[in-house]
Undergrad: 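First, the structure itself, so that you have it in front of you.
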Amino acid sequence: MPLGPGQRVLAVADDLSGAAETAAALLSRTTRTRVLLDPRTDTPAPAGTTTVFDLDSRQLSAADAAARITTVLTGLAPATVVCKKVDSLLRGNLAAEIAALAATGRGVLLAPALPAERRTVRDGVPHTDGVPLHTGDAWRAETAAPPRSVAEALGVPVALLGLQAVRGPDHHLRTALREALATGLPVVADAETDADLDALLAATLDIDPRVVLAGSAGLALALGRTLGGGPPAPLPPPGPATRPLLVVVGTAEPVAAEQVRRLVTDGAALYALDHAPSHPGPALPPLRPGITVLTPRQDGPPDPAAARSIARHLARTAAALLDTAPGPADLVLTGGETARRVLDALGVRELRPRGQVHHGAVLAETPDGRTVVTRPGSYGGADSLRLIARALRAPAARTPTTPTAPPTPPSTPAPPAPKPGRTSQDHAKGPFMNATPAAAAGTAPTTAGNTGALPVIAVTMGDGAGIGPEVIVPALLDPGTLSRIRPVVVGDAERLRLAAELLGLADQVEIVTVEAPADAEFTPGRINVIDLGLLPADLPWGKLSAVAGDAAYQYVRVASELALSGAVQGICTAPLNKEALHAGGHLYPGHTELLAHLTGVEEVSMMLSTDTVKVIHVTTHIGLIDAVARIEPGLVERTVRRGHDALVRAGVEHPVIGVCGINPHAGENGLFGYGEEEEKIVPALEVLRADGIDARGPLPADTAFFLAGRGDYDLIVAMYHDQGHGPVKILGLEAGVNLTVGLPVIRTSVDHGTAFDIAGTGTADPGSMIEALRQAAALAPNPTG
């Protein structure tokens with residue numbers, strides 16, 4: 001529902017990264033946003049601009065934080081929609097700020113759930129990854145104990161809107177919400193999914209748009225979706241490799257150390273500051289072209305009391321370094337407090353968001369032309385800083401010389417000790433991210449082989465009755481997709497148009513049919529389709545169909561022909577339904593075997609990839625008894641070699657590979673089974689090790705995945721389908737990717753099925769498709785000619 005005449009949106013946040021995240025959530029093709037760093041100033045802005053204030057109140061007293069809320073809202077036009085960004089973990093001056101909002105008489109809806117980060121609210125109790133907030137360690141860097149409920153965090157009675165009401169029929173939700181608001185108490189709403197937040201937003205704006213919408217970035221995203229306007233335009237292209245980029249890491253989150261280590265492995269210079277804010281410390285070398293990381297030295301557990309002084313120390317040092325830069329420099333700032341202090345030191349009072357590199361990593365521009373990425377300290381996986389650097393910096397030209405090490409100031413710590421059998425450089429590299437150290441300029445990693453034009457990727461539509469069309473459309477509109485690949489869908493154009501209508505994107509996307517990839521044009525909002533026209537207009541969603549099964553086969557067939565001819569450099573597949581495939585007359589167990597047949601390859605392997613664990617399968621779509629019978633030393637050896645070669649090609653020079661056993665406890669020295677491990681696996685491992693491949697095992701499968709998740713192994717070799725698929729789907733289904741290893745062409749796929757139960761509802765998550773496209777870009781070669 002677009003805003004009515006005279007309406008506008010004003011948002012406030014208690015720190016800079018939250019303000020930027022909120023602004024990005026409200027950004028669209030038709031709506032601009034800006035972040036102001038001074039709550040006393042509201043400079044004129046063009047029509048259609050949403051203003052987000054960073055109140056910088058996280059570290060203030062409760063009274064001062066409430067006063068800043070009051071300052072911003074005083075004299076506000078009644079038609080203004082107010083959105084208050086709160087911390088999804090309920091940190092900061094939440095109670096005082098909600099009380100100040102309630103004092104306006106507008107009413108307050110508080111929905112702090114953040115589904116994108118697996119932070120939910122059930123029965124008024126916040127959860128992280130399914131664990132109640134007060135029983136986990138998410139508050140480890142705070143001085144106070146975590147609250148047991150949202151009501152306890154507020155310290156006042158609340159009206160609770162439970163999941164049953166949120167997910168009930170629209171009229172029931174509106175009735176429950178009206179009754180809750182009528183109490184005059186803050187209304188705390190349960191939510192676990194984006195759909196829950198969308199329902200809450202629609203109901204609240206329908207009942208009374210004056211109600212203050214208080215919540216995490218998840219609620220801001222729901223507001224952006226509810227107001228319409230479509231997705232934002234693509235991010236600007238990366239800047240030159242020679243322009244300095246300063247990455248300031250001001251967070252004590254455990255993942256930060258790995259994020260920094262991976263960036264340094266790629267050639268970035270590292271300056272680690274001692275915790276001596278009152279002492280100037282040793283002089284640092286001038287900021288050089290390329291990437292430099294500035295972070296506090298971590299000698300022990302974080303000291304919450306020192307957080308603000310450390311942030312100021314980082315800010316002063318960052319400003320001093322930027323003064324030494326040979327030219328204009330850009331910034332990456334993690335942690336809201338650190339980000340604010342750095343921009344204060346530079347005199348920056350306004351940011352103009354352009355989009356997000358990944359969830360929470362907001363790319364913005366300053367009025368003087370500097371690019372700044374801000375990101376909450378707790379967001380992002382191990383490759384977060386790599387992805388940000390790749391979005392900001394074009395790859396440096398390769399040189400035949402050996403990369404030189406960055407200058408090391410006196411305060412730079414020694415690299416962490418490597419694990420046995422591998423170097424620290426190997427440990428820092430993540431599979432399927434090209435991690436070749438850059439030349440002396442210290443630039444971000446390059447996409448594998450991509451020194452020229454982006455690779456063309458054929459995206460097959462999968463089973464048209466499933467969710468394939470619904471995940472393809474948003475994935476190809478994602479700001480990062482066109483910065484990595486040139487996608488061409490092989491499928492049915494009309495089905496994609498129907499999916500766009502279901503998603504509310506019909507006005508923001510142009511679906512264009514082309515005869516061949518060479519005819520495609522790659523511009524924001526355009527989806528190129530090689531239209532086979534095989535599906536009837538009335539094909540029902542979510543129903544098994546032989547017609548859809550045959551069409552899914554034809555899409556893959558055409559994509560394979562394009563790949564073998566060199567017209568595309570990779571294939572990314574949406575899910576097909578095996579029963580429908582068979583009903584359509586194509587008797588293949590799945591995509592893996594179908595692609596092997598179409599490309600003339602006798603044997604391939606299925607590999608599943610998530611941020612947590614990578615696994616390759618010795619056998620896949622056969623019964624368990626048949627799988628055990630098929631396993632033999634030659635097959636195990638070839639599978640391990642395929643996995644090893646894929647990792648090396650992706651930038652892991654010396655992969656450590658864990659090989660599972662077949663029986664419980666890997667046979668327990670003959671106690672379980674009939675010696676299958678000694679007969680079928682050990683001989684293969686002996687040959688592999690003799691060839692220098694670090695393959696370890698046989699390992700008990702029930703511990704192998706735990707060790708891989710901890711980082712001991714780059715790849716796990718599973719002996720049969722469920723041994724590998726079960727753990728992977730628990731550890732990373734939403735962003736999992738399926739790769740076929742051993743084909744003459746790169747092939748990636750989502751790691752989920754056709755989901756007939758939700759097909760046609762517009763609720764499918766495109767995250768796995770976006771990740772599959774990203775990994776296709778990381779592995780695909782350059783186009784030639």
Undergrad: Under the 3.5 angstrom rule, does the side chain of H617 hit a backbone N or O of M607 as a donor-acceptor pair?
TA: no
Undergrad: Given the rule in the side-chain contact (heavy atoms from CB on, under 4.5 Å) test, do L110 and V86 qualify, once you have shown the distances and angles that lead to the verdict?
TA: CA-CA 9 Å; L110 176 57; V86 305; 4.0 Å; yes
Undergrad: Picking from V490, L773, V488, I527, what satisfies side-chain contact (heavy atoms from CB on, under 4.5 Å) with V459?
TA: L773
Undergrad: For I467 and H752: C-alpha separation, side-chain torsions, deciding distance, then whether side-chain contact (heavy atoms from CB on, under 4.5 Å) applies.
TA: CA-CA 10 Å; I467 63 172; H752 58 68; 3.5 Å; yes
Undergrad: If only atom types and distance count, is the side chain of D519 paired as donor or acceptor with the main-chain N or O of V514 below 3.5 Å?
TA: no
Undergrad: Rounded to the nearest 0.5 Å, what separation is found between the CG atom of L392 and the CG atom of L385?
TA: 10.5 Å
Undergrad: Taking all non-hydrogen atoms of both residues, which atom of L476 and which atom of T481 are closest, and how far apart?
TA: CD2-CG2, 4.1 Å
Undergrad: Starting at CG of L532, measure out to CE of M461 and round the result to the nearest 0.5 Å.
TA: 9.0 Å
Undergrad: Applying side-chain contact (heavy atoms from CB on, under 4.5 Å), run through T748 and L739 and close with a yes or a no.
TA: CA-CA 4 Å; T748 65; L739 299 96; 3.9 Å; yes
Undergrad: Within the 4.5 Å heavy-atom criterion, are T193 and D196 side-chain neighbours or not?
TA: yes
Undergrad: Do E593 side-chain atoms and G590 backbone N/O form a donor-acceptor pair below 3.5 Å?
TA: yes
Undergrad: To the nearest 0.5 Å, how far apart are CG in L219 and CG in L201?
TA: 5.0 Å
Undergrad: Tell me, please, which residues at least two apart from S216 pass side-chain contact (heavy atoms from CB on, under 4.5 Å).
TA: S88, L114
Undergrad: So, D492 side chain and E494 main chain: donor-acceptor pair closer than 3.5 Å or not?
TA: no
Undergrad: Find out whether T592 and R747 are in side-chain contact, i.e. whether some heavy atom of one side chain is under 4.5 Å from a heavy atom of the other.
TA: yes
Undergrad: Would V745 and V568 count as a side-chain contact (heavy atoms from CB on, under 4.5 Å) if you check the C-alpha gap in whole Å, the side-chain angles of each, and the deciding distance to 0.1 Å?
TA: CA-CA 9 Å; V745 63; V568 301; 5.6 Å; no
Undergrad: Hey, could you give me the CE/CG distance between M606 and N738, rounded to the nearest 0.5 Å?
TA: 5.0 Å
Undergrad: Might you point out which heavy atoms bring I571 and A563 nearest each other, and give the distance in Å?
TA: CD1-CB, 4.1 Å
Undergrad: Please determine if R167 and E192 form a salt bridge, counting it only when a charged side-chain N lies under 4.0 Å from a carboxylate O.
TA: yes
Undergrad: Please confirm whether the backbone N or O of A580 pairs with a side-chain atom of N577, one donor and one acceptor, at under 3.5 Å?
TA: yes
Undergrad: Can you check whether L363's main-chain N or O pairs, donor with acceptor, with R354's side chain at less than 3.5 Å?
TA: no
Undergrad: P575 and T754: which non-hydrogen atoms are nearest, and at how many Å?
TA: O-CG2, 3.6 Å
Undergrad: Are any of the side-chain heavy atoms of P126 and R119 separated by less than 4.5 Å?
TA: no
Undergrad: Between L562 and P517, is there a side-chain heavy-atom distance shorter than 4.5 Å?
TA: yes
Undergrad: V362 and A20: which non-hydrogen atoms are nearest, and at how many Å?
TA: CG2-O, 3.5 Å
Undergrad: So does G767 get a backbone contact from the side chain of D765, meaning a donor-acceptor N/O pair under 3.5 Å?
TA: yes
Undergrad: Where the side chain of R495 meets the backbone of L539, is there a donor-acceptor pair that is under 3.5 Å apart?
TA: yes
Undergrad: Report all side-chain donor-acceptor pairs from residues 545-554 shorter than 3.5 Å, counting only partners two or more places apart or in another chain.
TA:
from	atom 1	to	atom 2	distance (Å)
S545	OG	V547	N	3.2
S545	OG	A548	N	3.1
D550	OD1	Q554	NE2	3.3
D550	OD1	H586	NE2	2.7
Q554	OE1	R557	NE	2.7
Q554	OE1	R557	NH2	3.2

Undergrad: How many angstroms lie between CG in D722 and OG1 in T620, if you round to the nearest 0.5 Å?
TA: 11.5 Å
Undergrad: Looking only at atom types and distance, does a side-chain atom of S749 sit under 3.5 Å from a main-chain N or O of T573, one as donor and one as acceptor?
TA: yes
Undergrad: ring-ring contact (aromatic ring centres under 6.0 Å, His included): which pairs involve residues 518-539, sequence neighbours left out?
TA: none
Undergrad: Just verifying a value: how many Å separate L594 CG and L598 CG, rounded to the nearest 0.5 Å?
TA: 4.5 Å
Undergrad: Measure across T460 and I472 and return the closest heavy-atom pair with its distance rounded to 0.1 Å.
TA: O-CD1, 3.8 Å
Undergrad: When you compare the side chain of K85 with that of V52, does any pair of heavy atoms fall below 4.5 Å?
TA: no
Undergrad: Could you check if a side-chain atom of I207 sits within less than 4.5 angstrom of a side-chain atom of R174, using non-hydrogen atoms only?
TA: yes
Undergrad: Could you tell me whether the side chain of P115 reaches within less than 4.5 Å of the side chain of L197, counting heavy atoms only?
TA: yes
Undergrad: Taking all non-hydrogen atoms of both residues into account, name the closest pair between N528 and E521 and its distance.
TA: ND2-O, 2.8 Å
Undergrad: Are W541 and L498 close enough that some pair of their side-chain heavy atoms sits under 4.5 Å apart?
TA: yes
Undergrad: State whether the side chain of E510 and the backbone N or O of R526 hold a donor-acceptor pair below 3.5 Å, judged by distance alone.
TA: no
